[in-house]
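Naming convention: chains lettered A, B, ... in sequence-line order (proteins, then strands); numbering from 1 in each chain.
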Amino acid sequence: MLTLQTLREQTDLVLEGLKKRNFKDAETLVQQIIENDKLRRETQTTLDTLKAKSNADSKKIGELMKAGKADEASSLRAAIALDKDKVKSLEESLTEFERKQQEILYKIPNVPAAIVPAGKSAEDNITVHEYGQVPTLHTDALPHWELIKKYDIIDFELGIKIAGAGFPVYKGKGARLQRALINFFLNEAGQAGYKEIQPPIVVNEASGYGTGQLPDKEGQMYFVNEDGLYLIPTAEVPITNLYRDVILTEDELPVKNVGYTPCFRREAGSWGAHVRGLNRLHQFDKVEIVQISRPEDSYRILDEMSLHVQSLLEKLELPYRKLLLCGGDMGFNSAITYDMEVFSAAQQRWLEVSSVSNFETFQANRLKLRYKNKDGKMQLLHTLNGSALALPRIVAALLENNQTKEGIKIPKVLVPYTGFEMID
RNA sequence: GGAGAGAUGCCAGAGUGGUUGAAUGGGACGGUCUCGAAAACCGUUAUCCGCCUCAGGCGGAUCCAGGGUUCGAAUCCCUGUCUCUCCGCCA
């Protein structure tokens with residue numbers, strides 16, 4: 001969430017920014033928060049004054065008691081005007097102002113960075129980079145949902161039998177390919193200086209709030225009611241939450257972590273023809289990179305991270321494009337997001353395989369993730385993350401783009417990991 | 001699942017209801033000493049909120065969380081959460 005300070009001191013910039021998101025309630029909410037904040041502070045001041053007085057009185061009684069002047073103490077006790085009701089009601093309204101503040105803050109999305117274009121939907125995203133030749137396939141080329149049947153490597157029917165739709169079973173070379181990709185991605189990240197983390201794949205409610213999935217995306221996560229745990233929709237949640245309520249020192253920065261986890265998404269109400277096959281799943285594998293940095297470094301690091309993702313795609317010999325998302329297409333928490341899309345030849349579509357974002361202080365504020373800067377001042381850090389990479393659509397693109405009459409060719413870089421060169 | 005113990009500062013660990021934001025030890029940082037280091041000694045070692053005459057000052061809050069008793073709660077009472085130990089079960 002945004003900091004009160006930002007909302008108070010840079011109101012116009014916030015409103016300007018939120019306009020780029022096409023966020024309609026901006027004016028109302030910002031006005032509410034500022035009004036509420038004013039009342040909150042007034043209440044706080046009144047309450048503090050009142051408490052200061054009663055603290056002083058109590059202290060006096062204590063001193064008298066200690067000095068053995070019990071009579072004076074009890075007469076003072078009698079003389080003290082009891083403002084308890086007043087304190088109580090002030091405390092209640094303070095709590096209410098704080099609750100309201102929190103409630104409103106949760107509703108305001110992050111302010112897009114200066115270079116983020118305004119826009120309503122994916123139509124308004126800007127292609128900032130393109131790589132590789134879009135392959136032309138022979139006329140009887142198949143989409144991946146046919147290929148996986150032909151070579152018997154991924155089985156949706158079996159998944160339905162044991163779990164449900166959107167939970168595929170990977171078999172034989174299909175399973176092996178998954179493992180190869182995961183290892184390849186982890187190794188590449190390791191070489192780029194990321195520390196490997198294997199986190200739990202369930203998280204508690206506090207973690208959901210920490211990275212901003214809650215309360216915004218409540219319905220998107222699988223929830224284990226009995227234990228109050230959420231299945232993670234991305235490794236971002238556990239890995240970033242490792243740093244909830246943490247104060248780092250400058251020499252620990254930047255933090256660079258990478259983790260592989262399965263990811264679970266309910267994807268309620270988002271099914272249709274365009275999400276066939278591997279395009280959208282309830283459970284999928286992803287390697288995620290996460291960085292935590294000083295504010296002044298985060299944009300350099302954003303570039304570093306997206307270049308890392310790009311290098312993976314290039315090594316996999318996949319044609320891709322890099323998009324700068326417009327305000328309206330960006331996630332709630334993000335200040336700036338680059339999407340990487342690979343071209344899926346048989347579907348003739350671009351598929352999103354990675355999203356690299358800088359959240360600036362938006363998550364850190366919820367997480368209370370800070371560091372002490374050179375001047376000894378507490379400062380919120382910046383958090384960033386990116387998929388490096390999400391597997392299913394990479395697999396879809398690899399299968400479709402590399403299909404030949406003899407079988408599906410495995411990119412050279414993966415062969416040491418798969419142990420085979422061809423799926424046939 | 002059954003039984004018990006506990007939750008205090010960066011860590012360990014005290015704490016009779018009254019100047020306790022909190023003893024003591026350790027660590028870390030700064031200093032003295034030293035050619036340098038170790039040792040020793042001295043000092044520093046929270047965070048959030050509010051107000052003001054805003055490089056500073058003052059006040060409030062915080063000893064798991066939320067209630068309660070009291071002039072006054074880390075300390076007493078209730079509720080919740082979490083952790084640990086033992087037994088059972090088990091990869």
Side-chain angles (χ1 to χ4, degrees), chain A residues 1-9 33-105 198-210 214 223-230 238 241-253 255 262 361 363-381:
Chain A
M1 60 192 176
L2 296 174
T3 63
L4 262 181
Q5 202 191 4
T6 309
L7 284 159
R8 225 187 276 161
E9 292 171 10
I33 199 97
I34 286 173
E35 178 65 15
N36 187 74
D37 178 50
K38 195 176 152 232
L39 294 171
R40 192 199 101 237
R41 280 147 69 198
E42 284 169 11
T43 309
Q44 176 99 54
T45 307
T46 318
L47 177 62
D48 285 357
T49 314
L50 211 55
K51 278 190 169 174
K53 186 181 173 297
S54 66
N55 283 350
D57 288 342
S58 294
K59 204 179 211 174
K60 220 174 289 170
I61 292 176
E63 278 161 6
L64 289 171
M65 298 284 282
K66 219 170 196 182
K69 299 174 184 167
D71 309 352
E72 283 184 48
S74 56
S75 60
L76 177 59
R77 191 180 309 159
I80 290 173
L82 287 183
D83 284 327
K84 286 183 121 182
D85 291 346
K86 220 169 174 181
V87 167
K88 195 165 185 187
S89 88
L90 280 169
E91 270 174 344
E92 274 164 14
S93 58
L94 185 63
T95 307
E96 176 56 22
F97 286 129
E98 282 166 350
R99 192 201 57 76
K100 184 93 188 284
Q101 170 179 306
Q102 192 76 337
E103 181 191 302
I104 301 169
L105 283 176
Q198 202 176 89
I201 60 171
V202 292
V203 292
N204 55 26
E205 190 182 39
S207 299
Y209 276 96
L214 294 174
F223 182 57
V224 185
N225 192 41
E226 207 170 356
D227 302 291
L229 295 170
Y230 293 87
N241 269 284
L242 298 176
Y243 298 88
R244 174 154 43 85
D245 289 316
V246 165
I247 298 169
L248 293 166
T249 55
E250 190 150 12
D251 59 307
E252 291 174 291
L253 298 168
V255 171
T361 60
Q363 286 184 328
N365 188 32
R366 284 196 190 184
L367 291 162
K368 297 199 183 68
L369 167 54
R370 295 162 295 170
Y371 84 113
K372 224 171 218 167
N373 69 15
K374 283 192 200 75
D375 308 326
K377 229 184 114 188
M378 278 295 171
Q379 241 183 314
L380 289 171
L381 288 159

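- In this structure, A:Ile247 atom CD1 and B:rU45 atom C1' are separated by 13 Å, rounded to whole Å.
- Of all the residues in residues 200-207 of chain A, not one reaches under 4.0 Å from RNA chain B with any non-hydrogen atom.
- For A:Glu63, the side chain to side chain contact (heavy atoms under 4.5 Å, CB included) test picks out A:Lys59, with sequence neighbours left out.
- Residues that satisfy the side chain to side chain contact (heavy atoms under 4.5 Å, CB included) test with A:Asn373, not counting sequence neighbours, are A:Tyr371, A:Asp375, A:Lys377, A:Gln379.
- With sequence neighbours excluded, the residues forming a salt bridge (Lys or Arg N to Asp or Glu O under 4.0 Å) with A:Glu103 are A:Arg99, A:Lys107, listed by chain and number.
- Taking atom CG of residue A:Leu94 and atom C1' of nucleotide B:rC49, one finds them 9 Å apart after rounding to whole Å.
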Review point. Going through the distances and angles, do A:Ser207 and A:Asn204 end up as a side chain to side chain donor-acceptor pair (under 3.5 Å)?
Key: CA-CA 6 Å; A:Ser207 299; A:Asn204 55 26; 2.9 Å; yes
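- With sequence neighbours left out, the side chain to side chain donor-acceptor pair (under 3.5 Å) criterion links A:Arg366 to no other residue.
- In this structure, A:Arg40 reaches the B:rG50 phosphate: one of its side-chain N or O atoms is under 4.0 Å from OP1 or OP2.
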**Study point:** Dot-bracket encoding of pairs in RNA chain B, which uses [ ] for pseudoknotted crossings and | for another strand, Watson-Crick or G-U under 3.5 angstrom
**Key:** ((((((((.[[[..)..(.....]]]((((((.......))))))(((((((...))))))).[[[[[..)....]]]]])))))))....
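- In this structure, A:Asp48 has no salt bridge (Lys or Arg N to Asp or Glu O under 4.0 Å) partners at least two apart in sequence or on a different chain.
- Applying the side chain to side chain contact (heavy atoms under 4.5 Å, CB included) test to A:Glu72 and every residue at least two apart in sequence or in another chain returns A:Leu64, A:Lys69.
- In this structure, NZ of A:Lys372 is placed 7 Å from C1' of B:rA46, rounded to the nearest angstrom.
- The side chain to side chain contact (heavy atoms under 4.5 Å, CB included) test applied to A:Thr95 returns no partner, not counting sequence neighbours.
- In this view, A:Lys51 and A:Glu91 satisfy the salt bridge (Lys or Arg N to Asp or Glu O under 4.0 Å) rule, not counting sequence neighbours.
- Among residues two or more places apart in sequence or in another chain, the side chain to side chain donor-acceptor pair (under 3.5 Å) test is passed with A:Arg370 by none.
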Exercise for review: Sugar-phosphate means primed atoms, P, OP1 and OP2; the rest is base. With that split, encode nucleotides 60-80 of chain B 5' to 3' as B, S or - using protein heavy atoms under 4.0 Å.
Suggested key: SS------S-BBS--------
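- For the pair A:Phe97 CZ and B:rC49 C1', the computed distance is 15 Å after rounding to whole Å.
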